[in-house]
Amino acid sequence: LEDGGSLHEIISNDPHDVAIRPLIDKHNKETMEKLVQQLDAREHRVIIAMYWEGMPLRSISVELGISHTHVANAHRSALKRLRVLAKSCI
């Protein structure tokens, strides 16, 4: 992945984003990266943009040409899928 840091590192250092913290506590960096690769294209881009690149939701919506609400929904959906995928790795 990109040099901006892994999802594990970024979320581990962000006390405000607890939505995915249970995944971080149970899975290492390589596992998280493999899980993110399994997301669909839009969910993958949202997670990469938010956690690797540190982009705000509004900037992601402009980049993808979709509404702020659609980005938020893709983010929520991606986190839900990551939880399901993580459970299959346990």
Side-chain angles (χ1 to χ4, degrees):
L1 293 170
E2 300 189 17
D3 291 332
S6 71
L7 181 61
H8 180 272
E9 293 165 341
I10 291 168
I11 297 174
S12 294
N13 294 327
D14 185 356
H16 298 101
D17 194 345
V18 297
I20 201 169
R21 184 161 305 281
L23 295 177
I24 298 303
D25 294 339
K26 292 181 180 177
H27 298 284
N28 63 31
K29 177 181 173 180
E30 293 85 22
T31 301
M32 286 304 301
E33 290 173 351
K34 288 177 185 176
L35 295 176
V36 170
Q37 293 298 321
Q38 296 180 53
L39 298 173
D40 70 34
R42 181 177 286 179
E43 292 172 344
H44 181 266
R45 180 61 195 134
V46 168
I47 293 297
I48 295 297
M50 289 181 118
Y51 296 105
W52 270 267
E53 299 170 9
M55 289 177 67
L57 210 70
R58 294 229 179 257
S59 296
I60 298 168
S61 71
V62 169
E63 176 187 310
L64 296 177
I66 59 176
S67 72
H68 173 271
T69 301
H70 281 96
V71 174
N73 289 341
H75 179 248
R76 185 173 42 256
S77 175
L79 293 178
K80 184 177 179 179
R81 281 198 65 208
L82 286 169
R83 285 186 194 102
V84 170
L85 291 167
K87 286 180 182 178
S88 70
C89 293
I90 296 174

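- Of all heavy-atom pairs between Leu82 and Val36, the closest is CD2-N, 3.9 Å.
- In this structure, CG on Leu79 lies 8.0 Å from CE on Met50, to the nearest 0.5 angstrom.
- When all heavy atoms of Leu64 and Val46 are compared, the closest pair comes out as CD1-CG2, 4.0 Å.
- Evaluation of the salt bridge (charged side-chain N to carboxylate O under 4.0 Å, His left out) rule for Arg42 yields no partner, not counting sequence neighbours.
- Ile48 contributes atom CD1, which lies 6.5 Å from atom CD of Gln37 (distance to the nearest 0.5 angstrom).
- Of all heavy-atom pairs between Ala72 and Leu57, the closest is CB-CD2, 4.2 Å.
- The heavy-atom pair separating Leu39 from His44 by the smallest distance is CB-N, 3.8 Å.
- Across all their heavy atoms, Arg81 and Gln38 have their closest contact at NH2-O, 3.2 Å.
- The two residues Ala74 and Glu43 have their closest heavy-atom pair at O-CG, 3.8 Å.
- Applying the side chain to side chain donor-acceptor pair (under 3.5 Å) criterion to Asn73, with sequence neighbours excluded, gives Arg76.
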